[in-house]
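What follows is a set of notes on a single structure, which appears directly below.
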Amino acid sequence: MMYDFKNIEKNWQKYWKDNHTFKASNNSDKPKYYVLDMFPYPSGAGLHVGHPLGYIASDIYARYKRHKGFNVLHPQGYDSFGLPAEQYAIQTGQHPAITTETNIATYRRQLDQIGFSFDWSRKVRTSNPEYYKWTQWIFIQLFESWYNNESNKAEDIKILVSKFEAEGNATVNAACDENIEPFTAAEWNAFSEVEKQEVLLKYRLTYLAETEVNWCPALGTVLANDEIVNGVSERGSHPVVRKKMTQWSMRISAYAERLLQGLDTIDWTDALKDIQKNWIGKSVGASVTFNVNGHNEKIDVFTTRPDTIFGVSFMTLAPEHELVSQITTAEQKADVEAYIEATAKRSERDRMADVKTISGVFTGAYAEHPFSKEPIPIWIGDYVLASYGTGAVMAVPCGDQRDFDFAKHFGIPIPNIFDLSNIKGTSENSPLSEELEEAFTSKDNVKIVNSDFLNGMNYKKASKRAIYELEQLGQGEGKTNYRLRDAVFSRQRYWGEPFPVYYVNGMPQMIEAEHLPIKLPEVEKYLPTEEGEPPLGRADVWAWDTTQSLVVSNELIDHKTIFPLELNTMPGWAGSSWYFFRYMEDAANRDGVFASEEALNYWENVDLYIGGSEHATGHLLYSRFWVKLLKDRGFVNIEEPFKKLINQGMILGTSAFVYEFIKEKIDISTTITSGFNKSIFISHRIIQKIESLPLEEREIYIDSKLKNKFLSIISQEQFDKCKDSIKFPKRDTRALHVDVSLINSSDELDIEGFKNWRTDFQNAEFITDDDGTIKVSRDVEKMSKSKYNVVNPDDIVADYGADSLRLYEMFLGPLEQYKPWNTAGITGVHGFLKKLWKLFVNENGLKVTDTEPSKDNLKTLHKTIKKVEEDIENFSFNTSVSTFMIAVNELTSQKCTSKEILEPLLVLISPYAPHIAEELWSQLGHEGSISTVDFPKFEASHLVESSKKYPISFNGKMRFTLELPMDMPKDEIEKTVMAHEKTIAQLDGRTPKKIIVVPGKIVNIVG
RNA sequence: GCUGAAGUGGUGGAAUUGGUAGACACGUUGGACUUAAAAUCCAAUGUCCAUUAGGACGUACGGGUUCAAGUCCCGUCUUCAGUACCA
């Protein structure tokens, strides 16, 4: 009986489906385990072999946990809102829902044939109204919340309102906008409804604010930074301008500290934690307020070095700083305005990329030093960013390199406040540190001097004292700053969640949760309107009737009971920030809640999450934020969604290149029209051969080996002309990407297939190797359609089966590593599966017997159990595949037929190659699936050895091995080894200086 | 620049706490079977020297610690990823 993977895999996939084998239950005596993959965006191109890598790993782990007696939840779904479908809709008019539906069907078919143990009954789609109903609901919760810094959690906005009613806002310590005017209870109560709403927006966790965006008028849309290349749009090269827009934002900054602290409680890689830490960017320091001479305005700055306050010799404001226009003196006005205009033209990217150019302008104004009361010139410079801190810095040139460079460039004094005598070796403190070649930026081992009350103190002490003194003056306080910005939540797109928001007097109102979902309206086109409104501006039925609680026609808007609805939609990360909770609930019980309390309490959080590291600062941060909010508001009980997280590496494509002679080199014609017009391809092996020869030998080689080949294609005259080119084939050929499906495992081109691949190669000619083949060269690149290096898993499954694909993807290398795909190697794992099959079955059928296992059989089995279990626990799947191969090789040569050995072996392999394991399991006479059979138990007794093959080394170099009993004592080993003839031969009469004997390990003879 | 990860045969990669470097595969070469091909099986395969026996060298590079280093320490280089005038 042959290993008929096609039928086996089809049958078992059907069996699992029919029997709901992998359906998770929310009621179980078993401990729970939740394994999750980052769900895919269903793109039109379908899956390539890179996509399933993480899914296979998580599937192995999920199946392993089932064998280990866990109640496993392993769901899958689709992140089905997104740009590609919308882009396609704009081009073709096809509704994105239809495209999405088709793409999902393809994904599902492709996923199904790989044999994943997903519980599909719990699938979700973010674009499904039943799902986004709850995304909208969570948005409302954010709107109805504020962050109380005292209790350090989000609370109901009603609590804030009652505080305002009773005490005003002076006693409230909240995460809120910077520019809030203080008000009393009486003032609050006297506010109009609109005024109250305006104030509350500054406190809500999602709020409307003016945000600068990259607006592309030609495309009528906002572009992300990476959609802009050289100041114009990537698509179409249209101009892009910075524009202010009112948009929804998420006050994620309120959670900066908790997002940072939470990292210590979760099992993620340090690399990933570092990315998030850097992104949050915590810095501890002080805010300092400077008075401006001759003005009432004050300038706030943030500094991490309050200890260096006496080293301030100027201030720098970002050119966009709001005070610039007010404080600039008449003489400086022209210069300042010119500078501001020049910076505005440069994109933020340009400004950031260009670190070397130092530029700035003096405003003519002076600030007053809080302690010395000395005047401090105020400059503007684009090295100060408006978006970080307060957009202003107190410049301490002796302690900060950028300030130093700026001061040096513009001839501003650089007073020294560091006692550098022990560092620089100079005996005196220089009053001006012009001798300094660079700023002294270290905080360690240095004392402050020339600084009044800070003299003689170290960094820590001086910082504390400076903050204290600033507080006494009312001109500063200790402050912690975060780089983390609030996240813009509006998108001017169609294919996303609509906001449950309508506007009364320009103030946003939430639609009652009971009326959700607010479904996406139909539009006739998916483009922005002519007026630059988002695509929803084209909807005719997009107004909210407050009396009927219905979406009604726009014509009915009267601003009394019927109001306009929000035109923006939510971003891609909205739906993905909470989907892991939705899976916890059985599909049947999802109506009333996003997930029931029982389900949430049972599954708690994701035990193992697998996905790409590219989501480090997006999805993985936003979901943590939303989970913390939901916890604060009492909807869930966990602080962190993903306990353990593993990043799978990318699978790269192995591109193939053919080499075409540059036609002009062959061309001998005198007119353009009669030019040489045939493509001639030359085997890469010949190119390598020629290039490896010294110049003078090349001609001989060409005349003897290649001339005839060329003359069968071109004339003698043409050959003579291009001979020089043939001598330099690297220079005079063009490398072309060729579809990797036309290449066999020996890097040879399928010449006929290649001719048919593109019509312009129909008449191509080939300079082949002597065996008649064209060799291609290979290079590793990212898998992409345009590089013709995409490998479709469908083809692999058809040729070798899903089990082979699963094993091979794991066999390629460590999960986290980036690695190239090379289909050639798959025959190895496929051969292994055939060998495994043959261990159980021969021409006459099942050959497994009840024979007592031999000692060797048991040893092989148990060392395999041990290794595989360790490997899975360590996510080292590649090494367990090798272990299986070794086991099967050994058992084959041992001619093992013992059921006692082969049965547990099947269970070990079943997480990796579930189809063949199920098939053989049932052939062994078992009813039902192998998937929940107990994992074999390792018994160390089978691995106990009575003897050890000792490596005998001389000066650390292994020379021969010697088999000795395991229990032989040290001195006995030494005696035996020394008496051995090979030892005597090695020593050649010398007396060893030292003999190291490590029992059970090694013998090393020194001398 | 900073942060993180990684450099091992022709290729993908093994090597658990320092203890036989190159497991397991691919590829290549030779052989068996076959009319032939495929499939399968057997053998060899780090490099160099040597007929063999054997020897020298070898984990990016240069040092060091140790009886013993791919593994630990110091320095250098390269590649990849993240991030970037963060005050």
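On a predicted model such as this, the values are computed, not experimentally measured, just so you know. Numbers restart at 1 for each chain; the letters A, B, ... are given by sequence-line order, proteins then strands.
- Of the side-chain N and O atoms in A:Arg959, one or more sit less than 4.0 angstrom from OP1 or OP2 of B:rA56.
- Mapping A:Asp270 and A:Lys867 onto RNA chain B via the closest heavy atom, the residue that lands nearer the 5' end is A:Asp270.
- Dashed line: the shortest gap from a side-chain N or O of A:Gln817 to OP1 or OP2 of B:rA6 is not under 4.0 Å.
- Across every strand in view, B:rU16 sits unpaired, with no contact that passes the Watson-Crick or G-U test at under 3.5 angstrom.
- Between A:Asn874 atom CG and B:rU17 atom C1' there is a gap of 14 Å when expressed in whole angstrom units.
- Contact annotation for A:Glu870: base contact, defined as any heavy-atom pair under 4.0 Å involving a base atom.
- Contact annotation for A:Asp400: no contact, since no heavy-atom pair falls under 4.0 Å across all strands.
- Base pairing analysis places B:rU34 opposite nothing; no Watson-Crick or G-U wobble pair with both distances below 3.5 Å involves it.
- A sub-4.0 Å separation between OP1 or OP2 of B:rA84 and a side-chain N or O of A:Arg483 is present.
- Residue-level contact check: A:Thr827 touches the backbone only, with heavy atoms under 4.0 Å from sugar-phosphate atoms and none from bases.
- Seen from the ring of A:Trp268, A:Arg624 counts as a face-on cation partner, given the 6.0 Å and 45° thresholds.
- Among the heavy atoms of the strands, none lies under 4.0 Å from A:Lys273.
- Contact check for A:Ile995 versus A:Val977: no side-chain heavy atoms found under the 4.5 Å cut-off.
- Glycosidic conformation, B:rG75: anti, with the torsion outside 90° of 0.
- Within the 4.0 Å cut-off from OP1 or OP2 of B:rC80, not a single side-chain nitrogen or oxygen of A:Tyr818 is found.
- Within the shown strands, nothing qualifies as a pairing partner of B:rA23 under the Watson-Crick or G-U definition with both distances less than 3.5 Å.
- The phosphate of B:rG12 has neither OP1 nor OP2 within less than 4.0 Å of any side-chain N or O from A:Lys819.
- A:Asp403 comes within contact range of no nucleotide atom at all, as no heavy-atom separation falls under 4.0 Å.
- Across the strands present, B:rU78 finds its partner in B:rA6; the criterion is a Watson-Crick or G-U wobble pair with both atom distances under 3.5 angstrom.
- Along RNA chain B, the nucleotide nearest to A:Thr961 and the one nearest to A:Asn278 differ in position, and the one closer to the 5' end is contacted by A:Asn278.
- Using N1 to N3 plus N6-O4 or O6-N4 for Watson-Crick, or N1-O2 and O6-N3 for G-U wobble, each under 3.5 Å, B:rG46 pairs with B:rC57.
- When heavy atoms are screened at a 4.0 angstrom cut-off, A:Arg485 is found touching no nucleic acid atom at all.
- Listed pair A:Ser283 / B:rA87 meets the phosphate criterion, a side-chain N or O lying under 4.0 Å from OP1 or OP2.
- Remark: A:Asn822 is not in phosphate contact with B:rA25, judged by side-chain N or O atoms under 4.0 Å from OP1 or OP2.
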Side chain to side chain contact (heavy atoms under 4.5 Å, CB included) assessment of A:Glu809 paired with A:Ile796: CA-CA 11 Å; A:Glu809 293 230 356; A:Ile796 309 283; over 6 Å; no
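- A side-chain N or O of A:Asp871 and one of A:Thr879 form a donor-acceptor pair less than 3.5 Å apart.
- Across the protein-nucleic acid pair, A:Ile646 atom CD1 and B:rA5 atom P stand 16 Å apart, rounded to whole Å.
- Looking at heavy-atom distances under 4.0 Å, A:Lys834 makes contact with sugar-phosphate atoms alone, never a base.
- In this entry the distance linking CG of A:Asp405 with P of B:rC85 reads 15 Å, nearest Å.
- At a threshold of 4.0 angstrom between heavy atoms, the contacts of A:Asn878 are confined to the sugar-phosphate backbone, with no base atom among them.
- Backbone-only contact: A:Val1006 has heavy atoms under 4.0 Å from sugar-phosphate atoms and none from a base.
- With a cut-off of 3.5 Å on both pairing distances, B:rU51 has no Watson-Crick or G-U wobble partner at all.
- B:rA69 makes up no base pair with any nucleotide shown, lacking Watson-Crick or G-U wobble contacts both under 3.5 Å.
- No donor-acceptor contact under 3.5 angstrom links the side chains of A:Asn822 and A:Tyr808, judged on distance only.
- For the C1' atoms, the distance from B:rA6 to B:rA60 is 11 Å, rounded to whole Å.
- The closest side-chain donor-acceptor pair between A:Ser253 and A:Tyr482, if any, does not fall under 3.5 angstrom.
- The NZ-C1' distance, from A:Lys957 to B:rG55, rounds to 11 Å in whole Å.
- With B:rA25, B:rC85, B:rG19 as the choices, the nucleotide that has an atom nearest any side-chain atom of A:Val998 turns out to be B:rG19.
- If you measure from atom CH2 of A:Trp821 to atom C1' of B:rG13, you get 15 Å, rounded to the nearest angstrom.
- For A:Phe406 and A:Phe314, the distance between ring centers is under 6.0 angstrom.
- Distance, A:Asp274 CG to B:rC2 P: 16 Å, rounded to whole Å.
- Checking B:rU83, B:rU40, B:rG4 against every side-chain atom of A:Trp279, the shortest atom distance belongs to B:rU83.
- Under the 6.0 Å cut-off for aromatic ring centres, A:Phe310 and A:His369 qualify, their centroids lying closer than that.
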